[in-house]
Amino acid sequence: MRGRIWAVMVALTSLPLATASAQRTPSGSARLIVNADQGTTTISRNIYGQFSEHLGHDIYGGYWIEDGKGGWKYNEAAIGALEKLEVPFVRWPGGCFADYYHWRDGIGPREDRPTIVNTVWGGVTEDNSFGTDEYLELMRRLGASPFIVGNVGSGTVQEMADWWEYVNFPGKSPMADLRAKNGHPDPYDVRFWGVGNESWGCGGNMTPEYYSNELKRYATFLRGYGSTRPFLIATGPNVDDYNWTDVVMREAGRQIRALDFHYYTVVGTWQHKGSATEFTEGEWFTALQKAIHIKELIERHFTIMDRYDPRKRVALLVGEWGMWHDVEPGTNPGFLYQQNTLRDALVASASLDIFNNHADRVRMASIAQTINVLQSMLLTRGDTVVETPTYWVFQFYTVHHDATLLPVSLDAGDYTYEGQSIPAVSASASRDSLGVTHITMSNLDPDQARTVTTDIRGEAVSSVSGRILTAATMQAHNTFENPHAVEPAPFDGASLSGSELTVHLPPKSVVVLTLR
Ligand code: AHR
């Protein structure tokens, strides 16, 4: 019964992306050309950023756990797992929470910090034991750049300017003295700075015209200190709000370095999104169809940005992206705790290939969110950590960090489901600083294998090796009881003959290839 209801919902909610076709592509094949001698663009490692909010158990219970003595400590297991992802930055403290957060609540002796109620997420009390200095210490431990989102919605220009001074002023000043008194004499060199979050919604319900004026006012008072110059990031568009992009770029494009665009993949409706783990092939198809719709959104926002900024000085930051399911049964609806299956992994790989292939302006992205919230990397119980399938995709894609994008041309074939089609294969390629070429490829079809005939143009390669992420079922996921259900394995499905590489992609799989 549930399956039939969902089949109808899928038909109603599917986007008109696909070409109608009654038949599955008969050959099960795809053709890829990698233009190995045409790389000019760097895939910024900042495409592989993370977003961590004071929400559910992302910070408290995720990075920051009880020490058993009435206090808190860093979750070493979580930090250890994240180190392997070479996380470039972590966007913090929100999200909607950012426009609610008053940074002075989270500095100084912990016993003196006020307890607040997080009315944005779950109505829980928070003791502010994790604040600015704890976050910046976490960034140091992860080797990640800080990215602070300041409060425009319920804050003031003075409050934000003071925060900027607290983290960055190098000499003697009221805020630098306060930082030193709290044990941190040296400035932190925080550059990535968000001026509000979703100011069109939870950040203040502003019009783009009103927000642009506010943005310019705030920007005026965030000055460079020492060698630290602000890299200001404006609230960007929600999904297909092209007017937001147009107005903010026109009115304030010169003040900013990035526009923070948000797009979530929701299979059903916002009221009934669907289960993370119990789904049909129709829901698998819809998830991927909606996820790759981000390509069209990015290209249309690019067109508007190009009008005001043809030299691409302003980056499009995909500041919140990923799958948003119903919460796991029995959990606090305000905590957004969800499981993560092979479907999430494929959504991640297809999205990251799109970001890579648009790396000329998509120079930053942060998946929502890192631990225990939405499409997370990790699930935690105390200091026990489970790596999700999405974690492994991020681990595969570390090969692309700061590598040179190699343009690809892909005839992907179709994955057709009930008369609608999407490209069956996703791919991107790069060459790293050591001259090693990597290709990531995914087969979005859960039933049929694909043979991808790949022509490596302009480079002589003599060996190929790889790793694969797949599982027996679409719904496969890792749990505390069975943490290794979905994990990487060596891949032997690729072979070379001269410059032609033949790759046999099993159904529902993600592969990373190394070519030398
Ligand atoms: O990631 C969860 C929420 O989604 C964020 O707080 C908000 O920015 C977005 O609407």
Side-chain angles (χ1 to χ4, degrees), residues 49-63 89-101 116-124 126 130 135 147-155 192-206 211 233-241 244 248 258-267 269-271 273 276 290-291 294 297 316-328 331-340 344 347-348 351 364-379 388 390:
Q50 296 288 328
F51 166 38
S52 300
E53 181 166 15
H54 287 232
L55 193 180
H57 294 303
D58 197 338
I59 303 292
Y60 297 96
Y63 292 107
F89 71 81
V90 180
R91 179 175 179 262
W92 173 87
C96 295
F97 184 77
D99 284 289
Y100 175 86
Y101 184 60
I116 60 164
V117 179
N118 185 340
T119 53
V120 187
W121 297 114
V124 291
E126 115 138 49
F130 189 93
Y135 161 72
F147 173 172
I148 289 179
V149 181
N151 179 346
V152 171
S154 68
F192 296 146
W193 197 272
V195 184
N197 168 74
E198 296 193 351
S199 306
W200 38 262
C202 66
N205 284 305
M206 301 174 197
Y211 173 72
I233 298 167
T235 283
N238 184 31
V239 190
D240 58 355
D241 186 352
W244 184 278
V248 175
L259 198 57
D260 183 357
F261 156 63
H262 292 181
Y263 176 67
Y264 284 99
T265 298
V266 177
V267 172
T269 63
W270 280 100
Q271 289 69 36
K273 303 174 198 70
K290 288 190 168 184
I294 202 168
L297 296 170
L316 187 71
L317 152 69
V318 189
E320 293 185 26
W321 67 276
M323 293 208 77
W324 194 322
H325 306 292
D326 287 341
V327 297
E328 286 302 300
T331 64
N332 186 328
F335 282 9
L336 310 186
Y337 179 75
Q338 63 187 43
Q339 252 295 355
N340 193 301
D344 297 80
V347 162
S351 302
M364 296 179 81
S366 35
I367 189 167
Q369 300 192 7
T370 318
I371 311 179
N372 297 320
V373 172
L374 299 177
Q375 189 171 345
S376 60
M377 306 296 113
L378 303 175
L379 303 175
T388 65
T390 302

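Remember, it's 1-based here, ligands and their atoms both numbered in the order they're listed. The shown structure was predicted, so the numbers you read here are calculated from the model rather than taken from an experiment. Along the sequence shown, residues are numbered consecutively beginning with 1.
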### Task
With the side chain counted from C-beta on, respond yes when N340 and Q375 share a heavy-atom pair under 4.5 Å apart, and no when they do not.
yes

### Query
Should M206 and W200 count as side-chain neighbours, where that means a heavy-atom distance under 4.5 Å?
no

What protein heavy atom sits nearest [atom], and how far away is it?
{"atom": "atom 7 (C) of ligand 1", "answer": "E320 OE1, 3.3 Å"}
{"atom": "atom 1 (O) of ligand 1", "answer": "Y264 OH, 2.7 Å"}
{"atom": "atom 10 (O) of ligand 1", "answer": "E198 OE1, 2.7 Å"}

### Query
Going by the order shown, which atoms of ligand 1 are within less than 4.0 Å of some heavy atom of Q369?
1 (O), 2 (C)

#### Entry: Proximal ligand 1 atoms for F51, defined as those under 4.0 Å from one of its heavy atoms
1 (O)

### Message
Do the side chains of R91 and E53 get close enough for a salt bridge, i.e. N-O under 4.0 angstrom?
### Response
no

For ligand 1, indicate whether the residue [X] contacts it via side chain, backbone, both or neither (heavy-atom separation under 4.0 Å).
{"X": "W324", "answer": "side chain"}
{"X": "N197", "answer": "side chain"}
{"X": "L374", "answer": "side chain"}

### Query
Would you say the side-chain atoms of E320 pair up with the backbone N or O of I367, donor to acceptor, closer than 3.5 Å?
no

Between atom [atom1] of [X] and atom [atom2] of [Y], what is the distance when rounded to the nearest 0.5 Å?
{"X": "Q369", "Y": "H57", "atom1": "CD", "atom2": "NE2", "result": "13.5 Å"}
{"X": "Y337", "Y": "N332", "atom1": "OH", "atom2": "CG", "result": "13.5 Å"}
{"X": "I233", "Y": "W193", "atom1": "CD1", "atom2": "CH2", "result": "11.0 Å"}

### Query
Would one find an N or O of C96, backbone or side chain, under 3.5 Å from an N or O of ligand 1?
yes

### Heteroatom proximity flag, E53 to ligand 1, N/O under 3.5 Å
yes

### Message
Does the plane of the ring in H54 sit parallel, tilted or perpendicular to the ring in Y101? Use 30° and 60° as the thresholds.
### Response
tilted

### Query
Heavy-atom contact under 4.0 Å between F97 and ligand 1?
no

